[in-house]
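Here is the structure we will look at, set down as structure tokens.
Whatever order the structure lists them in is the order used to number ligands and atoms, beginning at 1. Everything quoted here is computed from the prediction, not taken from an experiment. Positions are given from 1 along the sequence.
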Amino acid sequence: MILLGVLALAAQYVAATTAAASNYSAAVGWYASWHEPDVPLSSVLWSKYTHMTYAFACVLSVVLDHKLKVNSVPTVDPKSISLADSDQELLPQFVAAAHKNVGCKGGAVNRRLGGSQFYSSNLGSASNRTSFVKSVTNLIQKYNLDLVDFDWEYPGVQGLGCNTISTSDTQNFLSMLQELRASPIASNITLTAATAVVPFPTTNTSLVPQFATVLDWIAPMVYDLSWNWTAGSPQIQRALPSSPARRLLARSAVEAWVAAGIPHSKIVLGVPAYGHSFNVNATEAFLASSSFANATQLTPYPPYDTLNHTIGDKWDSTGGTDQCGRFWGPAGTWDFWALVDAGYLLANGSAAPGVPYQWDACSSTPYLYAEKHGVLISYDDPRSFTAKGAFVRANGLAGFSMWEVGGDPKGVLLDAILSAPANASLAITPSAAIPSPSAPTAGSNGALTQRVGRWISSYLCLLLLAVCWSMN
Ligand SMILES: *[C@@H]1O[C@H](CO)[C@@H](O)[C@H](O)[C@H]1NC(C)=O
Ligand SMILES: *[C@@H]1O[C@H](CO)[C@@H](O)[C@H](O)[C@H]1NC(C)=O
Ligand SMILES: *[C@@H]1O[C@H](CO)[C@@H](O)[C@H](O)[C@H]1NC(C)=O
Ligand SMILES: *[C@@H]1O[C@H](CO)[C@@H](O)[C@H](O)[C@H]1NC(C)=O
Ligand SMILES: *[C@@H]1O[C@H](CO)[C@@H](O)[C@H](O)[C@H]1NC(C)=O
Ligand SMILES: *[C@@H]1O[C@H](CO)[C@@H](O)[C@H](O)[C@H]1NC(C)=O
Ligand SMILES: *[C@@H]1O[C@H](CO)[C@@H](O)[C@H](O)[C@H]1NC(C)=O
Ligand SMILES: *[C@@H]1O[C@H](CO)[C@@H](O)[C@H](O)[C@H]1NC(C)=O
Ligand SMILES: *[C@@H]1O[C@H](CO)[C@@H](O)[C@H](O)[C@H]1NC(C)=O
Ligand SMILES: *[C@@H]1O[C@H](CO)[C@@H](O)[C@H](O)[C@H]1NC(C)=O
């Protein structure tokens, strides 16, 4: 069904004795159920997380985005949040495994981009909200969940391209959460939301702070964002996969949500255990000044083929048509494990000998040139995860949430962020007020990501240009 987004399950370690998690109140992983054959529950590093979220509760029947598996039929009925057959078997096992591990708790989330088609209408009237709340509390009881994570992409902002949408979405989302929180069944449940890097659009500035009273935290998803680095055009015009701009985006996302009224202590940083590739030919990939045979100096932000992503790792797909009728090709995504398997990275995340690698100081992320595939890959490694952890701790955020658990099966990235020291120089000091983004109009997903890019650029561009282009 549709619905919302995804259902993730949360496994919560009650015992604060879980040493690995002690630096964060929320060390969260999203577990992608469709990767269970490669990531069996028995392989999950439960003890390193405080919460584990099972994705998703509501799945669709068509391919919607490259990360989502779609295997049930969309519906417009708010009474029918349901699970695909496979999830009906796996989810209880997941909850049991979580609970067995030092009292991990289980929760659920509604789906992301592709599953948000009817979110708005599901919450569009008081009776629909009541039906929806009932569906959620039924799930909590049926599956013994401890957490429900809402992943609506996006309230008041077009996501996929054919979502129902309303200017009342933010208010309706809040009203539903208040009703859910008031239910005895959900009163002691951890309620969270995965969000965009900009606050929910609203004309009533008193609405956003109220989310902090009903949600335990929000998790801005600071990934799948990148520059348009077409030569000579350093604008951030396009939010694509991955990012040379992640660190500054993390900073601006936190600043924007805090300015809108969510306290630092209720923000969890969404972090990716995967990267994105860009088709860049071997001539363009290396600096002209080092264009001899042994050259390994990579060109920062080289031109790339914006129309063609070569398929990434085996979890990527050749694409398909979403429920809006839009065709998507491969995403070009590379999970951390796959970069190791392909020989581009060593097991500890360092670039393998001979692999052209560069650290991007602007975003605090690395990139490498995958010569066999003809792609430049922007990804995360232990160094960038350490930087993210240092940022989270320096700013008193609740923690981090990683998409997805299976991307880092050995916990290499996880260990880096868990053991990151706080770094006071990354603390956000009060800065000029951040302009709130205007509510966008309808459009395709591509248009949405471009809009998000423009919002970001409206308050980030100068900073980014100053920092990044001075490197050239
Ligand atoms: C309430 O849900 C029904 C589907 O069950 C939908 O047809 C209707 O448009 C929704 N109402 C609003 C105001 O969105
Ligand atoms: C919430 O309270 C109910 C009733 O006391 C209890 O059964 C359930 O385990 C509690 N859930 C959580 C997550 O604490
Ligand atoms: C804004 O929302 C608050 C709380 O819901 C409400 O009390 C107030 O009247 C609203 N203001 C406007 C101008 O709608
Ligand atoms: C990148 O910027 C160039 C120059 O402004 C523009 O022509 C191109 O369409 C942009 N590409 C994307 C993917 O936004
Ligand atoms: C790489 O791209 C540049 C410009 O886009 C082009 O001039 C060059 O011929 C290409 N090289 C190869 C090996 O395809
Ligand atoms: C790379 O090759 C150039 C030209 O052949 C040579 O001058 C330079 O010393 C080489 N650099 C390294 C690090 O081997
Ligand atoms: C896309 O790029 C790949 C790798 O560079 C290439 O093999 C393929 O032919 C390209 N496809 C199109 C349609 O340009
Ligand atoms: C990763 O492992 C390689 C090979 O053992 C080693 O040379 C390198 O120093 C390690 N990297 C880090 C960051 O520890
Ligand atoms: C907590 O962070 C410190 C660095 O500040 C690190 O040395 C320690 O290992 C971390 N604790 C855990 C359990 O990872
Ligand atoms: C703290 O962060 C700053 C800014 O990124 C960096 O220059 C510095 O090296 C970091 N310090 C440590 C100890 O990592």
Quiz item: Does one side chain, of Ser120 or Asp169, offer a donor that lies under 3.5 Å from an acceptor on the other?
Solution: yes
Quiz prompt | Atoms in ligand 9 with a heavy atom of Arg393 nearer than 4.0 Å | solution = 1 (C), 2 (O), 3 (C), 4 (C), 5 (O)
Self-check item: Any residue meeting ring-ring contact (aromatic ring centres under 6.0 Å, His included) with Phe173, in chain and number order, not counting sequence neighbours
Solution: Trp152, Phe200, Phe211
Exercise. Evaluate the ring planes of Phe150 and Phe132, with Trp represented by its six-membered ring, and classify them as parallel (under 30°), tilted (30 to 60°) or perpendicular (over 60°).
Key: tilted
Exercise. Output yes when a protein non-hydrogen atom is found under 4.0 Å of atom 7 (O) of ligand 3, and no otherwise.
Key: no
Quiz item: With atoms numbered from 1 as shown, which atoms in ligand 9 lie under 4.0 angstrom from a non-hydrogen atom of Pro421?
Solution: 4 (C), 5 (O)
Practice problem: Measure the shortest side-chain to side-chain distance between Phe278 and Tyr367 over non-hydrogen atoms and say whether it is less than 4.5 angstrom. | Solution: no
Quiz item: Among all protein non-hydrogen atoms, which one is nearest to atom 5 (O) of ligand 3, and what is the separation to 0.1 Å?
Solution: Gln210 NE2, 3.5 Å
Quiz prompt | Distance flag for atom 2 (O) of ligand 3, protein heavy atom under 4.0 Å | solution = yes
Practice problem: Find all atoms of ligand 3 within a distance of less than 4.0 Å from any non-hydrogen atom belonging to Ser206, and give their numbers and elements. | Solution: 1 (C), 2 (O), 3 (C), 4 (C)
Quiz item: Yes or no on side-chain hydrogen bond (donor to acceptor under 3.5 Å, both in side chains) for Ser175 and Gln171, after CA distance, side-chain angles and deciding distance?
Solution: CA-CA 6 Å; Ser175 299; Gln171 173 68 71; 3.2 Å; yes
Quiz prompt | Per-atom contacts, ligand 10 versus Leu426 - under 4.0 Å to a heavy atom | solution = 2 (O), 4 (C), 5 (O)
Self-check item: Side chains of Pro201 and Thr170 in contact at under 4.5 Å (non-hydrogen atoms)
Solution: yes
Quiz item: Of all the non-hydrogen atoms in the protein, which one sits nearest to atom 9 (O) of ligand 3, and at what distance?
Solution: Asn204 ND2, 4.7 Å
Quiz item: In terms of atom number and element, which parts of ligand 10 are under 4.0 angstrom from non-hydrogen atoms of Ser425?
Solution: 1 (C), 2 (O), 3 (C), 4 (C)
Quiz item: Any salt bridge between Lys410 and Asp415, counting N to O under 4.0 Å?
Solution: no
Quiz item: Hey, is ligand 3 close enough to Gln171 that some N/O pair sits below 3.5 Å?
Solution: no
